[in-house]
Amino acid sequence: MKRGFFICIEGLDKCGKTTQSMLLVDNLNNRGYDAVYTSEPTDGRVGKLIREYILKRKKRVSAAVEALLFAADRTEHTETFIKPNLDRGRIVVSDRYIFSSIAYQGAAGVNPEWIRKINKAAIKPDLAIYIDVPINVIASRCKGEGSIMEKIETQKAVREVYLKLVRSGDLTLIDGNRTIEEVAKEMEKIVLERLESKNIQRFQA
Ligand code: TMP
């Protein structure tokens, strides 16, 4: 069966991930590819539970429980959205995926190997991009009412794990401390090179 191309975009809270993921989808579609945007936590039942039970709380629940709920949401996301779209030959761009669990729950002390195990049903991305923004910039953006994860000590620890994943080759780093247009341009360049090298077909010439 024809298989598409799976990209995930990772980064700290307020690093510009959502803007960049959506821009990437638009840019790919404008070039004649068939790309779709999606995100985690999802808008499904488990994703909604995550927002209420994990993200909106004053105090964090057990990080292992967080990891299990994110893995359940991801499994459903993979089965109901990501896989069917890949099977139709589409490019799927996911705003966060398994590396968010390794970074956020891993930084909170959960064993990364166990996180990979409980996410076994998650399809391996063909390309995983990490948008890096310095902590002082994130701190200035994470001021108002945010999720429980937006504490600056949490963001610092999460960034360390993301940078480790860059060093191990799991993630491709993009410098996010530039204008939206500059980041989008570099992201598009990296993605187009990959699509061309994998011979991913366009809809229109
Ligand atoms: P976002 O909707 O702004 O991306 O926020 C989702 C929050 O959930 C963000 O703080 C990161 C966190 N998160 C995890 O801790 N683990 C995960 O596996 C995922 C997908 C998100």
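Remember, it's 1-based here, ligands and their atoms both numbered in the order they're listed.
Of the polar atoms of Tyr104, none of the N or O atoms is found under 3.5 Å from an N or O of ligand 1, judged by distance alone. At under 3.5 Å, a nitrogen or oxygen of Gln105, whether backbone or side chain, sits near a nitrogen or oxygen of ligand 1.
Nearest protein neighbour of atom 8 (O) of ligand 1, counting heavy atoms only, is Leu55 CD2, 3.6 Å. Shortest contact from atom 18 (O) of ligand 1 to any protein heavy atom: Ser101 OG, 2.6 Å. In terms of protein heavy atoms, atom 1 (P) of ligand 1 is closest to Arg96 NE, 3.9 Å. Protein heavy atom nearest atom 9 (C) of ligand 1, with residue, atom name and distance: Asp13 OD2, 3.3 Å. Scanning the protein heavy atoms around atom 21 (C) of ligand 1, the nearest turns out to be Phe70 CE2, 3.4 Å. With respect to atom 6 (C) of ligand 1, the closest heavy atom belonging to the protein is Pro41 CD, 3.7 Å. From the protein, the heavy atom lying nearest to atom 2 (O) of ligand 1 is Arg51 NH1, 4.0 Å.
Both the backbone and the side chain of Ser100 come within contact range of ligand 1, each with a heavy atom under 4.0 Å. With a heavy-atom cut-off of 4.0 Å, Asp73 does not touch ligand 1 at all.
Between Glu150 and Lys143 there is no salt bridge, since no side-chain nitrogen of the basic residue lies less than 4.0 Å from a carboxylate oxygen of the acidic one. Under 4.0 Å is where a charged nitrogen must lie from a carboxylate oxygen, and between Arg141 and Asp13 no such pair does. Using a cutoff of 4.0 Å between basic side-chain nitrogens and carboxylate oxygens, Arg74 and Glu40 are scored as salt-bridged.
Less than 4.0 angstrom separates some heavy atom of Met149 from each of these atoms of ligand 1: 10 (O), 15 (O). Distances below 4.0 Å separate heavy atoms of Lys17 from the following atoms of ligand 1: 4 (O). Interface atoms of ligand 1 facing Ser147, defined by a heavy-atom separation under 4.0 Å, are 10 (O).
Residue Arg178 qualifies as enclosed at atom CZ: its count of foreign heavy atoms under 6.0 Å is above 12. Within 6.0 Å of NZ on Lys14 lie more than 12 heavy atoms contributed by other residues, nucleotides or ligands.
When each of Arg3, Lys198, Arg194 is checked for a salt bridge (Lys or Arg N to Asp or Glu O under 4.0 Å) with Asp126, only Arg3 meets the rule.
Take Ala63 and apply the side chain to side chain contact (heavy atoms under 4.5 Å, CB included) test, not counting sequence neighbours, and it matches Glu66, Ala108, Val110.
Judged by the shortest distance from any of its heavy atoms, Arg74 lies inside the 4.0 Å radius around the atoms of ligand 1.
Under the 4.5 Å side-chain heavy-atom criterion for ILVMFWY residues, no single connected hydrophobic cluster contains both Ile180 and Val137.
Here the CG atom belonging to Asn27 is positioned 15.0 Å from the NZ atom belonging to Lys189, to the nearest 0.5 angstrom.
The ring of Phe5 has its center no closer than 6.0 angstrom to the ring center of Tyr33.
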